[in-house]
Amino acid sequence: MDGTERLRGGPAAAVRDPRLFEEFYRRHVDAVMRFVARRVDDPHTAADLTAEIFLAVLDSAHSYRPRLGSETAWLYGIARNVVSSERRRVAREAERDLRFSGRRLLEADDIARIEDRLDAESPGRRALAALASLPEGEQAVMELIAVDQLTVTEAAAALGIRQVTARVRLHRARKALREEADVRAPEADPDPAAPQARSTSPAGSGTPDPSLLHVAKGGARA
């Protein structure tokens, strides 16, 4: 864990002191925005969800346990719940206009800055899309470890599960992704000199998705 986080008192101290909360916000807002930008592609939605995540901190500060991981890992757990809630909310809405009602107006500079962040995190969104075939529990662990770069310990804490459970899910997820990549590979055109163009899209293509291969390999930090 970052020693600076411990020195400044952590979330519990931050919610009691506006000055400390501002410091807390400033040192984590970029990481939270990157997390959100890997999961949405609309700047207004990204701005709203980032704000909601820090509002949720006010109610959840008591749940932070330094021994289980960093503040960032803890925030990712909150962020994941907020993003999931938003997805469920949008799915229930009958009219698209409801998604934009009551939103604060973003300045042009705000939109440009968030759009830049969304562009920068597009590889992360592709990697997340490559995990869509996994069972929910395995997908959640794989997202946090392979895409959001948490340790196994931090991912387990963020999801509220045991470390051994997280390791089992990670192993199963990687095995499933490797098998899926192996299935796709033989379907690719075996002749490199073949004149027809090959599709670069994961869907309907015999070529393994690079995002799928990327998240399926490699070790995980404890």
Side-chain angles (χ1 to χ4, degrees), residues 31-41 45-46 49 68-70 72-88 90-91 117-192 194 196-222:
V32 171
M33 178 62 79
R34 287 195 298 271
F35 181 97
V36 173
R38 286 190 284 269
R39 288 158 173 82
V40 304
D41 57 7
T45 302
L49 290 177
L68 297 179
S70 66
T72 300
W74 176 74
L75 275 168
Y76 280 3
I78 295 175
R80 199 170 181 281
N81 290 334
V82 170
V83 172
S84 295
S85 295
E86 170 66 6
R87 286 173 175 166
R88 290 192 295 269
V90 171
R117 178 58 51 78
L118 293 173
D119 288 342
E121 297 300 335
S122 60
R125 291 197 298 276
R126 289 195 296 271
L128 289 173
L131 305 178
S133 62
L134 295 174
E136 183 178 355
E138 294 170 16
Q139 181 178 347
V141 171
M142 199 67 174
E143 281 185 10
L144 292 173
I145 293 173
V147 181
D148 296 312
Q149 298 297 299
L150 295 188
T151 65
V152 175
T153 300
E154 290 173 335
L159 295 171
I161 60 177
R162 295 184 302 164
Q163 290 184 39
V164 65
T165 303
R167 291 186 183 280
V168 169
R169 291 181 183 179
L170 177 65
H171 173 75
R172 289 176 178 171
R174 284 191 164 137
K175 180 180 178 182
L177 291 173
R178 285 194 297 267
E179 290 174 351
E180 183 176 346
D182 289 343
V183 167
R184 291 184 180 185
E187 299 174 1
D189 182 0
D191 181 5
Q196 62 268 30
R198 300 185 192 179
S199 169
T200 58
S201 170
S205 171
T207 305
D209 177 8
S211 298
L212 189 88
L213 294 174
H214 171 73
V215 297
K217 66 183 181 180
R221 297 172 296 154

Starting at CG of L170, measure out to OG1 of T165 and round the result to the nearest 0.5 Å. 12.5 Å
Look up atom OH in Y76 and atom CG in L150, then write down how far apart they are to the nearest 0.5 Å. 6.5 Å
Minimum-distance pair of heavy atoms, taken over all atoms of [X] and [Y]:
X    : Y    : result
V82  : L49  : CG1-CD2, 3.9 Å
A46  : V36  : CA-CG1, 3.7 Å
A158 : A73  : CB-O, 3.6 Å
T72  : A31  : CG2-CB, 4.4 Å
A132 : Q139 : O-OE1, 4.1 Å

Report yes if the side chains of R174 and R178 come closer than 4.5 Å at any heavy-atom pair, otherwise no. yes
Answer yes or no: is there a side-chain heavy-atom contact under 4.5 Å between E86 and V40? no
Would a distance-only check, ignoring hydrogens and angles, find a side-chain to backbone donor-acceptor pair under 3.5 Å from E138 to P135? no
Can you name the residues that form a salt bridge (Lys or Arg N to Asp or Glu O under 4.0 Å) with R39, not counting sequence neighbours? E143, D148
Identify, with sequence neighbours excluded, every residue that meets side-chain contact (heavy atoms from CB on, under 4.5 Å) alongside L68. R65, A157
Taking side-chain contact (heavy atoms from CB on, under 4.5 Å) as the definition, give me every residue that meets it alongside A140, ordered by chain and number, with sequence neighbours left out. R80, L159
Taking only residues two or more places apart in sequence or in another chain, which ones pass side-chain hydrogen bond (donor to acceptor under 3.5 Å, both in side chains) with R169? none
Which residues satisfy the side-chain hydrogen bond (donor to acceptor under 3.5 Å, both in side chains) test with S84, sequence neighbours excluded? none
Under the side-chain contact (heavy atoms from CB on, under 4.5 Å) rule, what do L177 and L131 come out as? Steps first, then yes or no, please. CA-CA 8 Å; L177 291 173; L131 305 178; 3.5 Å; yes
